[in-house]
Structure formats: structure tokens, C-alpha cells
Visitor: 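For reference, the structure I am asking about is given below.
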Amino acid sequence: MDKKKNIRVLVLDDDKFMLEFVSHLLRELGVNEVLVAEDGAAGLFALSAQIEVVDLLICDIEMPGMDGIEFLRHIADQKYSGKVVLFSGVDADLLKAIERLAIVRGLNVIGTLTKPVTMGSLTAILEKLSLPIQKTADSSQIRQMFDVEEIRQALMADQITLFFQPKISASSRRVTSVECLARWHHARYGYISPDNFISIIEQNGLINDFTRNVLKKSVQQLDIWLQNGLDLKISVNVSMANLDRFNLPEIYQEAVQDSNVPIERVTLEITEGKLGKDFAQSLDILTRIRLKGFGLSIDDFGTGYASMETLKYMPFTELKIDRIFAHNATQDLATRVILESSIKLGKAFGLNVVVEGIETQADCELVAELGCDEIQGYFIAKPMLADEFARWLCDYEKNRE
Ligand code: C2E
Ligand code: MG
Ligand code: MG
């Protein structure tokens, strides 16, 4: 292993000896900046005081006062974007449950470290860190940097670009459809993921114009693909905040009718976690959207709270199982059980079942074997700009033959 590691690590543990010991090992392994905190409050302070991101947090679970679970909840709320290693002497099942919880909260957990810690186990963790780290701007910094005015200007200046990520059929492996994902093409930061600006758009009454714009652009792109002889469909994400007006089905219908695209080729994806605020109104709007001919997908299935109820009432045509149930399903029994039951549930409702977030061949084979209809994820392809997608598709089709 190379000696100098230009990274910043924060170790949080209530045991002073452990702090000193782990810090010493990290320095021995070449880490040039090790911060320590003896309790949750000091840990939060250390993280907030850093202008540059802490690359790795090694977090003890059992601590008096604020325990590790509470601490992870706080840093998830603050959108901590560095990597996390859980550090504990608790039993393996409990540690696994805590790891899952942290992942569900959006933290980037790269492993667990059981006590007593050794040079070997720390080396293994640091090796995981040298995997390519996406060097885009830190999302927590971006979140604070953008205000609504800047976003409003960006919308007016048409700085929203679409990236396209293919879905393939699990049986034929043909590309069937493409999800259209919004990016803000920022002059300084490059392409910014929607997680950093959609909520600001929603909170400031801009989501309806935004979604109509994204839908129009997506449909225009599909129109071009269809004219070029590509047999594709598209999916466009719709926020629950969009469902605030009864004439939404007409607005979306109009956006499609400006083109030659048959409405049946357009599916709208709704994230189920937010369904149910005004259940009757949502049901009314979504049912009429279906009536117009759009497909309707329940996105990120399994991460919301009303899964069964929404399935019972809402006229969905597709179930999209969230990536947390796909990732590592070959390794983790509980994940696999949930994945398998969700696929069965979707099939029993007659829905097109998609599994998203497939990153490895093993996961891809498993979900196909479990009977899902379509697969999406980095293993197939990452989201791409339109011309990049066209080239990718050409290569993909050639290799499939
Ligand atoms: P989503 O609809 O669940 O989209 C899938 C997200 O997962 C995309 O992130 C995609 O890049 C990412 N992804 C795809 N395959 C993999 C994989 O194998 N591994 C991992 N780790 N990630 C994968 P993205 O583009 O950053 O979008 C995030 C979310 O933002 C979307 O989640 C969607 O809810 C929302 N979003 C995107 N575009 C729009 C939009 O036009 N309108 C609205 N309202 N929301 C949007
Ligand atoms: Mg989606
Ligand atoms: Mg999703």
C-alpha cells in the first residue's frame, strides 16, 4: 500500500484508549489527517467545523449519551456525503441492522469494523476507500449554496438537461425503455443531480413548470428516436408535489400531443414514499392520467410507508423496486427475501416489475431468475446524454447479436 494517504478521517468513540489506538494505526497506514471525537456532540461539531469534507467517518455504535444510531441520523439529516464505517463490538445481526438503517438514510456505508481492531482490518477498509471517488461538488455544500433565485434563473435560462438511462428486458436483454433524468447544467459545478435541487423547486412552487418542461423535452427526444426507427418507450419522474391540481392529466396530455409520440409510450414514475397526503385527490389525478393512456409506475418501491395501500388503490401499471433491495441481494438473505417477495407481489398485481440499481452481474442474474420483467442500473449503463446514449445503444445491440 502506498504510504501517504491524502484523506481526512474522523474517529468517533467514547473510549479514549480506542481513539488513540485507532488514530495511531491510521497514521501508521499513512493517513495524514486524523480527527477524533469522544462523543456524538463533539463528532457533530468536528464535522460541521470542516470546510472540506471528512472523507471517512469511523463511528462507534455503543456510546453513552448520543449513541451511534442517533449520531448517524443527525449526519444523514445534514447530508454528510463522506464514507462511513461502523465500528462496534455489538453482535453481527444487530450491526447488520444498523448498517441497513444507515444505508436507508442515504449514508455511504462501506463496511463494518469489529472490535478489537487490527492493522489488517483497517488496511482492508482503507483499500475500499481508494475505489474511484466521484469528485463532483459535495452535495451538502451545494445544497446550502443554491437559493431559489439561482434555480429560478437556471430554469429561465433553460439549464436543465436530460440524461437517459436504459432499462432492458430481463428475458430478451433488449433495451425496452429509457428513464429521463433531469440534471442542472451549472456553469461552475457541471451536471448537478436532481437530489440537490428538486426539493427547492418543490418548495417554491416551481415544480409544475419544471415537470412539464422535462416531460416536453423527454417526449421530443423520444420523437427523434422513433423517427430514427428505434423502438423505445420513456419514463419521466413526477413529484407528488405535482399532484396539486385536477387538470394535471390535461397538462401532461397536451405536452405529449404536441409531438408524434403515442401517449402509451410514456410512463410517469411517482415516488411512493410521498403518496397519501390528500389520498382522494392523488387517486383522482393519477386515475385520470392512466385514463389518458400514460403508464404509471410506483418508483422506489419498498422505501415508502404505504406500499400495500397504494398498490390496492392506485392504478399503477409498473412497480419499480428500489435499489436498496437489489444491491447485494446475492450476499444478504434478508435483502433477497424482500426482493423476491416484492417481485412476486408486483407480478400478482399484474404489474410490469422493474428492479433498479443493478450494479453487478450476480445481482442482474438473480433478479432475472426471480422473475422480474425489466432491469435498470449501472451494470447495464449509467445515465447518459442523448448522443452518448445513441452510441451506447448501437454498441450494445451489436454485442447482443
Ligand atoms: P429515481 O427516479 O429512482 O432514479 C434513479 C436514480 O438512481 C438516478 O439518480 C440514477 O442515476 C440512479 N441510479 C441508476 N442506476 C443506479 C445504480 O446501479 N446504482 C446507483 N447507486 N444508482 C443508480 P439521479 O439521476 O441522481 O436521480 C435521483 C432522483 O431524482 C430520481 O430517482 C428521481 O426521484 C429524481 N428525479 C430525477 N429527475 C427528475 C425529474 O425530472 N423530476 C422529478 N420530480 N424528480 C426527478
Ligand atoms: Mg425514477
Ligand atoms: Mg427509483
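The figures here come from the full heavy-atom set of this structure, side chains too, leaving out hydrogens, waters and symmetry mates. For ligands, and for the atoms within them, numbers begin at 1 and follow the listed sequence.
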Visitor: Check Asn237 against ligand 1 and report side chain, backbone, both or neither, counting heavy atoms closer than 4.0 Å.
Guide: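 Contact part for Asn237 vs ligand 1: both backbone and side chain.
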
Visitor: Give a yes or no answer on whether the side chain of Asp39 reaches the backbone of Ala42 with a donor-acceptor pair at less than 3.5 Å.
Guide: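 Yes.
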
Visitor: Give the atom numbers and elements of ligand 1 that come within less than 4.0 Å of a heavy atom of Ser193.
Guide: 26 (O)

Visitor: Parallel under 30°, tilted from 30 to 60°, perpendicular over 60°: which one fits the rings of Trp225 and Phe389?
Guide: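 If you compare the ring of Trp225 with that of Phe389, the planes turn out tilted.
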
Visitor: If you have a sec, work out which protein heavy atom is nearest atom 38 (N) of ligand 1 and how many Å separate them, to one decimal?
Guide: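 Protein heavy atom at minimum distance: Ala182 N, 3.1 Å.
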
Visitor: Please could you name the atoms of ligand 1 that Ile358 approaches to less than 4.0 Å, counting only its heavy atoms?
Guide: 18 (O)

Visitor: Which option wins on minimum heavy-atom distance to atom 34 (O) of ligand 1: Ile270, Ile192, Thr271?
Guide: Thr271

Visitor: Closest non-hydrogen protein atom to atom 13 (N) of ligand 1, residue and atom name please, with distance?
Guide: Tyr378 CE2, 3.6 Å

Visitor: Which residue from Gln165, Arg183, Glu202 reaches closest to atom 24 (P) of ligand 1 through any of its heavy atoms?
Guide: Arg183

Visitor: Could you tell me which atoms of ligand 1, counted from 1 in the order shown, lie closer than 4.0 angstrom to a heavy atom of Glu356?
Guide: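 What qualifies from ligand 1 is 3 (O), 5 (C).
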
Visitor: Which residue and atom name correspond to the protein heavy atom nearest atom 6 (C) of ligand 1, and how close is it?
Guide: Arg323 NH1, 3.9 Å

Visitor: List the steps and the verdict of salt bridge (charged side-chain N to carboxylate O under 4.0 Å, His left out) for Arg265 and Asp223.
Guide: CA-CA 10 Å; Arg265 286 193 181 251; Asp223 208 353; over 6 Å; no

Visitor: Do the side chains of Asp55 and Lys83 get close enough for a salt bridge, i.e. N-O under 4.0 angstrom?
Guide: no

Visitor: Counting only heavy atoms from other residues, nucleotides and ligands, does the tally under 6.0 Å from OH of Tyr313 exceed 12?
Guide: no

Visitor: Ignoring hydrogens and angles, tell me if any N or O in the side chain of Asn204 forms a donor-acceptor pair with the backbone of Ile200 under 3.5 Å.
Guide: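 Flag set: sc Asn204 to bb Ile200 pair under 3.5 Å.
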
Visitor: Could you identify the single nearest non-hydrogen protein atom to atom 30 (O) of ligand 1 and state the distance to 0.1 Å?
Guide: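 The protein heavy atom lying closest is Pro194 CG, 3.3 Å.
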
Visitor: Specify whether the nearest protein heavy atom to atom 3 (O) of ligand 1 is under 4.0 angstrom away.
Guide: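 When distances to the protein are checked, atom 3 (O) of ligand 1 has a heavy atom within 4.0 Å.
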
Visitor: Is the Mg ion (ligand 2) under 2.8 Å from any N, O or S atom of Asn237?
Guide: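 It does: Asn237 brings an N, O or S atom closer than 2.8 Å to the Mg ion (ligand 2).
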
Visitor: Give the name of the N/O/S atom in Glu269 that lies closest to the Mg ion (ligand 2).
Guide: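 It is OE1, the N, O or S atom of Glu269 closest to the Mg ion (ligand 2).
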
Visitor: So which of Lys233, Lys347, Lys167, Arg290 actually passes salt bridge (charged side-chain N to carboxylate O under 4.0 Å, His left out) with Glu318?
Guide: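 The salt bridge (charged side-chain N to carboxylate O under 4.0 Å, His left out) with Glu318 is passed solely by Lys167 among Lys233, Lys347, Lys167, Arg290.
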
Visitor: The Mg ion (ligand 3) and Glu356: any N/O/S contact shorter than 2.8 Å?
Guide: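 An N, O or S atom of Glu356 is closer than 2.8 Å to the Mg ion (ligand 3), so yes.
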
Visitor: Should we count CD of Glu250 as having more than 12 external heavy atoms under 6.0 Å?
Guide: yes

Visitor: Name the closest protein heavy atom to atom 29 (C) of ligand 1, giving the residue it belongs to and the distance to 0.1 Å.
Guide: Asp195 OD1, 3.7 Å

Visitor: Check whether any heavy atom of Glu179 sits under 4.0 Å from an atom of ligand 1.
Guide: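 Per 4.0 Å heavy-atom rule, Glu179 contacts ligand 1.
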
Visitor: Could you walk me through whether Asp332 and Arg100 pass the salt bridge (charged side-chain N to carboxylate O under 4.0 Å, His left out) test, one step at a time?
Guide: CA-CA 11 Å; Asp332 185 68; Arg100 273 195 210 109; 3.0 Å; yes

Visitor: Using salt bridge (charged side-chain N to carboxylate O under 4.0 Å, His left out), reason through Arg400 and Glu397 one step at a time and then give a plain yes or no.
Guide: CA-CA 5 Å; Arg400 209 173 55 85; Glu397 290 297 332; 3.1 Å; yes

Visitor: Which heavy atom of the protein is the closest neighbour of atom 31 (C) of ligand 1, given with residue, atom name and distance?
Guide: Leu181 CD2, 4.3 Å

Visitor: Looking only at N, O or S atoms in Glu179, which is nearest to the Mg ion (ligand 2)?
Guide: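 Nearest to the Mg ion (ligand 2) within Glu179's N, O and S set: OE2.
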
Visitor: Give, rounded to 10 degrees, the angle between OD1 (Asp300) and OD1 (Asp299) as seen from the Mg ion (ligand 3).
Guide: 90°

Visitor: Considering the heavy atoms of Pro383, write down every atom of ligand 1 situated less than 4.0 Å from one of them.
Guide: 11 (O)

Visitor: When you look at Glu340 and Lys344, which way does the salt bridge (charged side-chain N to carboxylate O under 4.0 Å, His left out) test go after all the steps?
Guide: CA-CA 6 Å; Glu340 189 167 2; Lys344 279 202 183 119; 3.8 Å; yes

Visitor: Hey, mind stepping through Asp300 and Lys320 against side chain to side chain contact (heavy atoms under 4.5 Å, CB included) and telling me if it holds?
Guide: CA-CA 6 Å; Asp300 302 341; Lys320 228 175 156 177; over 6 Å; no

Visitor: So which of Glu269, Glu359, Gln376 gets nearest to atom 20 (C) of ligand 1, if we judge by its closest heavy atom?
Guide: Glu359

Visitor: So does Asp363 pair up with Arg336, basic N to acidic O under 4.0 Å?
Guide: no

Visitor: Please confirm whether Thr211 comes within less than 3.5 Å of ligand 1 when only nitrogen or oxygen atoms on both sides are compared.
Guide: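 No, Thr211 has no N/O under 3.5 Å of an N/O on ligand 1.
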
Visitor: Please report whether atom 36 (N) of ligand 1 has a protein non-hydrogen atom at a separation of less than 4.0 Å.
Guide: yes

Visitor: Does atom CD of Glu149 have more than 12 heavy-atom neighbours, drawn from other residues, nucleotides or ligands, at distances under 6.0 Å?
Guide: yes

Visitor: Show which atoms of ligand 1 fall inside a sub-4.0 Å distance from at least one heavy-atom site of Phe210.
Guide: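 Counting from 1, the qualifying ligand atoms are 40 (C), 41 (O), 42 (N).
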
Visitor: Under a 3.5 Å distance rule, please check whether Thr211 uses its side chain to pair with a backbone N or O of Asn208 as donor and acceptor.
Guide: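 Answer holds: no.
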
Visitor: Nearest protein heavy-atom contact for atom 1 (P) of ligand 1: which residue, which atom, what distance?
Guide: Asp299 OD2, 3.7 Å

Visitor: Would you indicate whether the side-chain heavy atoms of Ile168 and Thr176 approach each other to under 4.5 Å?
Guide: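 Result no, sub-4.5 Å side-chain heavy-atom pair not found.
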
Visitor: Heavy atom under 4.0 Å from ligand 1: found in Lys382's side chain, backbone, both, or neither?
Guide: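 It is neither part, as no heavy atom is under 4.0 Å.
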
Visitor: Please state which part of Asn242 comes within less than 4.0 Å of ligand 1, counting heavy atoms only: side chain, backbone, both or neither.
Guide: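 It is neither part, as no heavy atom is under 4.0 Å.
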
Visitor: Would you please determine whether Phe163 falls within less than 4.0 Å of ligand 1 on a heavy-atom basis?
Guide: no

